Asker: 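Before anything else, here's the structure in question.
Worth saying up front: this structure is predicted, and the values here are computed from it rather than measured.
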Amino acid sequence: MRTAVITLAAGRHRHLTLQHLGLAAGSRTPDQYVVVAMDDPELSVVVGGREPVATVVDCPVANGNLPLARARNLGAARAVDGGAELLVFLDVDCVPGERLLERYRHAALDTEHRRSLLCGTVSYLPPPGPYGYRLSELGELAEPHPGRPIPAPGELRRSEDHALFWSLSFAVTAETWHAVGGFCEEYEGYGGEDTDYGQRARAAGVPLTWVGGAPAFHQHHPVSDPPVTHLHDILRNAQTFHRRWGWWPMTDWLDAFAERGLAHRNPATGRWSLGPEPGHPRPDAG
């Protein structure tokens, strides 16, 4: 089964380099490594001269909003055109575990699970030391996400809870990719497009399968909680999601924005808007 790894990047060159090294050290190496550069002309230099050989696909950015959905679709199209039968998507921050590709391939060959969204575990790394991370130590350093299943190595756990899908690490056969229809390109910037993809899979009758023994290790980077730097993206994408599916995603973030007076929900229309609720000053105001 010809396998392609697809990742998106706009900066994060050190993270991408460690991912590349992780792929080279795996029990299986990909037949294709497709790196989608979102307005990042330096990526060809970053991935050049290394194994596995990377193909860089350019994805222009309009209005300053990273087109994550469109970039994934472009990467998948290039992989399929190159003969890939299994598409493995990895976030640029994620380093694959040694057997990640092997376990995804094994799951995709299982007749019970091949038409699933195949989801491996993602564990979070602490900040690196002065010399960075060592591949051999990632499994000891990383902590699993408490809100996701942690199947045992070799276990394939079926699920119908598509709201748990995330795009940090997952795999689909090319056949399943076409059945779901790719990512909705109405989303731009941060948030919502992967939750939407999970719902597209649900609507297409494609279940989730959590794949044990296919870990990815998420490299540390600074974050804000809630992600106030992405406030406008999240509100816009949440509105798009609500229009398409009838319920609100990212409610923890939306509620946290409301508590800070950064956004409010209109009680009459149910829609979210920027700023505090009319007549209610921001909590930090005078």
Asker: Just how far is it from atom OG1 of Thr17 to atom CD of Gln19, taken to the nearest 0.5 Å?
Answerer: 9.5 Å

Asker: Under 4.5 Å between side-chain heavy atoms, chaining through other members, with only Ile, Leu, Val, Met, Phe, Trp and Tyr counted: pull out the rest of the cluster around Leu100, sorted by chain and number.
Answerer: Met1, Val5, Leu16, Leu23, Tyr33, Val35, Leu43, Val46, Val47, Val56, Leu86, Val88, Leu90, Val92, Leu101, Tyr104, Leu109, Leu118, Leu156, Val211

Asker: Report the distance from atom CZ of Arg158 to atom NE2 of His113, rounding to the nearest 0.5 Å.
Answerer: 6.5 Å

Asker: Apply side chain to side chain contact (heavy atoms under 4.5 Å, CB included) to the pair Leu138 and Tyr133, showing each step before the final yes or no.
Answerer: CA-CA 7 Å; Leu138 298 185; Tyr133 297 112; 3.7 Å; yes

Asker: Of the non-hydrogen atoms in Pro144 and Ile150, which two are nearest, and what is the gap between them?
Answerer: CB-CD1, 3.6 Å

Asker: I'd like to know if the side chain of His264 and the backbone of Gly275 have a donor-acceptor N/O pair within less than 3.5 Å.
Answerer: yes

Asker: Check whether any side-chain heavy atom of Asp161 lies under 4.5 Å from a side-chain heavy atom of Leu208, and answer yes or no.
Answerer: no

Asker: Would you compute the distance between atom CG of Asn237 and atom CG of Leu68 and round it to the nearest 0.5 angstrom?
Answerer: 9.0 Å

Asker: Does the pair Cys119 and Phe165 meet the rule for a side chain to side chain contact (heavy atoms under 4.5 Å, CB included), with working shown?
Answerer: CA-CA 8 Å; Cys119 300; Phe165 172 78; 3.9 Å; yes

Asker: Would you call Asp225 and Trp253 a side-chain contact if the rule is heavy atoms closer than 4.5 Å?
Answerer: yes

Asker: Apply the test side chain to side chain contact (heavy atoms under 4.5 Å, CB included) to residues Val36 and Thr7: give CA-CA distance (whole Å), side-chain angles for both, the deciding distance (0.1 Å), then the verdict.
Answerer: CA-CA 6 Å; Val36 184; Thr7 194; over 6 Å; no

Asker: What verdict does the side chain to side chain contact (heavy atoms under 4.5 Å, CB included) test give for Asp93 and His221, after you've listed the backbone C-alpha separation in whole Å, the side-chain angles of each residue and the deciding distance to 0.1 Å?
Answerer: CA-CA 8 Å; Asp93 296 324; His221 59 80; 3.2 Å; yes

Asker: What pair of heavy atoms forms the shortest contact from Ala84 to Ala174, and how long is it?
Answerer: O-CB, 3.8 Å

Asker: Can a donor-acceptor pair be found, under 3.5 Å and without considering hydrogens, that links the side chain of His162 to the backbone of Glu160?
Answerer: yes

Asker: Are Phe241 and Ile234 linked, directly or through intermediate hydrophobic residues, by side-chain heavy-atom contacts shorter than 4.5 Å (ILVMFWY only)?
Answerer: no

Asker: Taking atom CZ of Phe217 and atom CD of Glu137, what is their separation to the nearest 0.5 Å?
Answerer: 12.0 Å

Asker: Look at the side-chain heavy atoms of Ile, Leu, Val, Met, Phe, Trp and Tyr, link any pair under 4.5 Å apart, and say whether Leu168 and Leu18 land in one connected group.
Answerer: no

Asker: Do side-chain atoms of Glu185 reach the backbone of Ala69 as a donor and acceptor pair under 3.5 angstrom?
Answerer: no

Asker: Closer than 4.0 angstrom, basic N to acidic O: yes or no for Arg72 and Glu193?
Answerer: yes

Asker: Taking the side chain from Glu155 and the backbone from Ala152, do they hold a donor-acceptor pair closer than 3.5 Å?
Answerer: yes

Asker: Answer whether the closest heavy-atom distance between the side chains of Pro149 and Thr121 falls below 4.5 Å.
Answerer: no

Asker: For the backbone of Pro67 and the side chain of Glu188, can you confirm whether one donor and one acceptor N or O come within less than 3.5 Å of each other?
Answerer: no

Asker: Tell me the salt bridge (Lys or Arg N to Asp or Glu O under 4.0 Å) pairs involving residues 232-244, sequence neighbours left out?
Answerer: Glu186-Arg243, Glu186-Arg244, Asp196-Arg244, Asp233-Arg236

Asker: Tell me whether His20 contacts the main-chain N or O of Pro52 through its side chain, where contact means a donor paired with an acceptor under 3.5 Å.
Answerer: yes

Asker: Examine Val228 and Leu235 and state if one hydrophobic cluster contains both, with Ile, Leu, Val, Met, Phe, Trp and Tyr joined whenever side-chain heavy atoms are less than 4.5 Å apart.
Answerer: yes

Asker: Among residues two or more places apart or on two chains, list those pairs meeting salt bridge (Lys or Arg N to Asp or Glu O under 4.0 Å) that have a residue in residues 111-133.
Answerer: none

Asker: Does Val180 share a hydrophobic cluster with Trp245, counting links as ILVMFWY side-chain heavy atoms below 4.5 Å and allowing steps through other members?
Answerer: no

Asker: Please find the pair of heavy atoms, one from Thr209 and one from Ser116, that lie closest to each other, and give the distance.
Answerer: OG1-OG, 3.0 Å

Asker: If we only count heavy atoms from C-beta on, is the Pro60 to Arg70 side-chain gap below 4.5 Å?
Answerer: yes

Asker: Under 4.5 Å between side-chain heavy atoms, hopping through other hydrophobics if needed: is there a path connecting Tyr187 to Trp247?
Answerer: yes

Asker: Please check this pair: side chain of Arg103 against backbone of Gly212, looking for a donor-acceptor N/O pair closer than 3.5 Å.
Answerer: yes

Asker: Kindly give the heavy-atom pair with the smallest separation between Pro128 and His220, and that separation in Å.
Answerer: CD-CB, 4.4 Å

Asker: What residues form a ring pair (Phe, Tyr, Trp, His ring centres under 6.0 Å) with His145, not counting sequence neighbours?
Answerer: Trp166

Asker: Could you pull out the closest heavy-atom pair between Trp248 and Gly270, with the gap in Å?
Answerer: CZ2-O, 3.2 Å

Asker: Could you tell me whether Arg134 atom CZ has more than 12 heavy atoms of other residues or ligands within 6.0 Å of it?
Answerer: no

Asker: Between His15 and Asp91, is there a side-chain donor-acceptor contact under 3.5 Å, judged purely by atom types and distance?
Answerer: no

Asker: Please give me the minimum heavy-atom distance between Ile6 and Ala79, naming the atom from each residue.
Answerer: CD1-CB, 4.1 Å

Asker: Got a donor-acceptor contact below 3.5 angstrom from the Ser27 side chain to the Glu98 backbone?
Answerer: yes

Asker: So, the side chain of Thr176 versus the backbone of Val172: is there a donor-acceptor pair under 3.5 Å, distance only?
Answerer: no

Asker: Of all residues at least two apart in sequence or in a different chain, which pass the ring pair (Phe, Tyr, Trp, His ring centres under 6.0 Å) check with Trp177?
Answerer: Phe89, Tyr197

Asker: How many angstroms lie between atom CG of Leu8 and atom CG of Asp40, to the nearest 0.5 angstrom?
Answerer: 12.0 Å

Asker: Counting only heavy atoms not in His232 (residues, nucleotides, ligands), do more than 12 fall under 6.0 Å from its NE2?
Answerer: no

Asker: Where do Phe170 and Trp210 land on the ring pair (Phe, Tyr, Trp, His ring centres under 6.0 Å) test, with the steps shown first?
Answerer: CA-CA 9 Å; Phe170 75 101; Trp210 294 96; over 10 Å; no

Asker: With Asp194, which residues qualify under side chain to side chain donor-acceptor pair (under 3.5 Å), at least two apart?
Answerer: Ser167

Asker: What is the distance from atom CG of Asp255 to atom CZ of Arg260, rounded to the nearest 0.5 Å?
Answerer: 11.0 Å

Asker: Taking the side chain from Arg78 and the backbone from Leu74, do they hold a donor-acceptor pair closer than 3.5 Å?
Answerer: no

Asker: Heavy atoms, side chains only, cut-off 4.5 Å: are Cys94 and Gln219 in contact?
Answerer: no

Asker: Hey, are the side chains of Val53 and Glu51 touching, using non-hydrogen atoms and a 4.5 Å cut-off?
Answerer: yes

